[in-house]
Amino acid sequence: MIQVEVKDVDLQNAAAKGMDEFLQVFVDGIYSAIGGEITQESLSSLNSDQITLLAYFLLRDEVMDGGFVQLIHNGYGGFIFKNPFAKAMKMWGLRDLSKMIYDVHTLYAKHHEEIEKECTDDEFMALFEQFPDFDEYDDDFVENEEKWTSEIAHYVDNNIDSFAKIV
């Protein structure tokens with residue numbers, strides 16, 4: 001396992017600004033430790049909590065920007081749906097997010113090949129109309145993102161040693 005380190009001063013400053021900034025210190029520390037890229041090799045050097053935190057940030061950024069269709073189209077569907085991410089969310093206490101991921105997994109399994117195809121910008125935009133089943137989940141995620149991010153921040157705060165060494 002690779003040693004992820006975050007500076008205590010950075011953590012204190014971020015915590016004073018809010019949960020997003022607090023979590024970002026850990027995410028930045030993890031990315032720094034793995035050379036800034038998520039690869040099979042870099043993931044193998046992280047523990048399951050660190051991988052889960054990265055997965056949540058990818059999920060959150062993609063879904064908040066363009067929904068689950070964008071997440072899948074940009075190639076992150078396998079990372080979220082073919083790994084035990086939903087199970088980890090349940091173990092972290094986020095049962096409603098876990099249930100959503102399991103539900104969206106069904107749609108992912110059914111449609112991912114078509115959504116993942118290379119396409120033009122216009123064809124990409126048309127995907128949202130072709131797959132309206134994702135809309136309800138996109139809306140639900142947006143409505144609950146702040147609550148879920150707060151719950152994740154509390155989990156990280158209560159389990160800091162699983163995420164990084166404070167220096």
Side-chain angles (χ1 to χ4, degrees), residues 1-94 97-98 100-102 104-105 108-109 112-113 115-121 124 127 138 141-142 144-146 148-167:
M1 289 290 138
I2 197 164
Q3 181 65 51
V4 175
E5 295 182 350
V6 297
K7 293 180 181 175
D8 188 41
V9 66
D10 292 343
L11 202 52
Q12 289 180 28
N13 290 336
K17 293 178 183 174
M19 65 186 170
D20 291 323
E21 292 82 358
F22 172 77
L23 290 173
Q24 192 65 53
V25 170
F26 290 96
V27 170
D28 290 347
I30 294 167
Y31 273 118
S32 177
I34 62 172
E37 251 186 276
I38 294 178
T39 64
Q40 193 68 23
E41 184 180 332
S42 67
L43 288 177
S44 69
S45 67
L46 299 174
N47 68 38
S48 60
D49 279 338
Q50 294 164 332
I51 294 168
T52 300
L53 184 60
L54 290 181
Y56 177 75
F57 264 70
L58 281 172
L59 171 76
R60 186 184 79 167
D61 291 349
E62 291 292 319
V63 174
M64 293 298 286
D65 188 49
F68 283 99
V69 168
Q70 178 177 303
L71 171 93
I72 296 165
H73 179 74
N74 286 343
Y76 299 117
F79 187 47
I80 299 300
F81 302 113
K82 291 183 178 178
N83 287 301
F85 177 72
K87 182 179 180 181
M89 289 293 93
K90 185 176 181 181
M91 291 172 54
W92 285 16
L94 287 88
L97 176 56
S98 174
M100 175 193 286
I101 298 302
Y102 282 122
V104 176
H105 180 268
Y108 167 78
H112 77 93
E113 289 179 6
I115 295 171
E116 290 170 346
K117 286 181 184 174
E118 288 289 322
C119 61
T120 66
D121 288 342
F124 171 70
L127 291 174
D138 295 342
F141 190 92
V142 170
N144 289 288
E145 179 273 331
E146 190 172 323
W148 290 333
T149 300
S150 176
E151 291 173 5
I152 287 173
H154 283 97
Y155 181 86
V156 171
D157 192 34
N158 290 328
N159 298 278
I160 285 179
D161 292 344
S162 295
F163 295 93
K165 178 181 177 184
I166 310 302
V167 294

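Keep in mind that the numbers below use all heavy atoms, side chains included, and drop hydrogens, waters and symmetry copies.
- Checked against side-chain hydrogen bond (donor to acceptor under 3.5 Å, both in side chains), E5 has no partners two or more places apart in sequence or in another chain.
- If you take OH on Y56 and CG on L97, they are separated by 7.0 Å, rounding to the nearest 0.5 Å.
- Shown here are the side-chain contact (heavy atoms from CB on, under 4.5 Å) partners of N13, two or more places apart in sequence or in another chain: V9.
- Of all heavy-atom pairs between Q70 and D65, the closest is NE2-OD2, 3.0 Å.
- Evaluation of the side-chain hydrogen bond (donor to acceptor under 3.5 Å, both in side chains) rule for S98 yields no partner, not counting sequence neighbours.
- Remark: side-chain polar atoms of D138 are paired, donor with acceptor, to backbone N or O of F68 under 3.5 angstrom.
- Atom CG of D121 is surrounded by 12 or fewer heavy atoms from other residues, nucleotides or ligands within 6.0 Å.
- From S150, atom OG reaches atom CG of L94 across 9.5 Å, with rounding to the nearest 0.5 Å.
- The heavy-atom pair separating L54 from L46 by the smallest distance is CD1-CD1, 3.8 Å.
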Without placing hydrogens or testing angles, list every side-chain donor-acceptor pair under 3.5 Å for residues 157-167, not counting sequence neighbours.
from : atom 1 : to   : atom 2 : distance (Å)
N158 : ND2    : H154 : O      : 3.2
N159 : ND2    : Y155 : O      : 2.8
S162 : OG     : D49  : OD2    : 3.4

Below 3.5 Å, can you tabulate the donor-acceptor pairs from side chains in residues 14-38 to any protein atom, sequence neighbours excluded?
from : atom 1 : to  : atom 2 : distance (Å)
D20  : OD1    : R60 : NH1    : 2.9
Q24  : NE2    : D28 : OD1    : 2.7

Which pairs of donor and acceptor atoms, one on a side chain in residues 73-91, lie under 3.5 Å apart (sequence neighbours left out)?
from : atom 1 : to   : atom 2 : distance (Å)
H73  : ND1    : I115 : O      : 2.8
N74  : ND2    : E62  : OE1    : 2.8
N83  : ND2    : F79  : O      : 3.0

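- Applying the side chain to side chain donor-acceptor pair (under 3.5 Å) test between T149 and each of E151, E145, E146 identifies E145 as the sole match.
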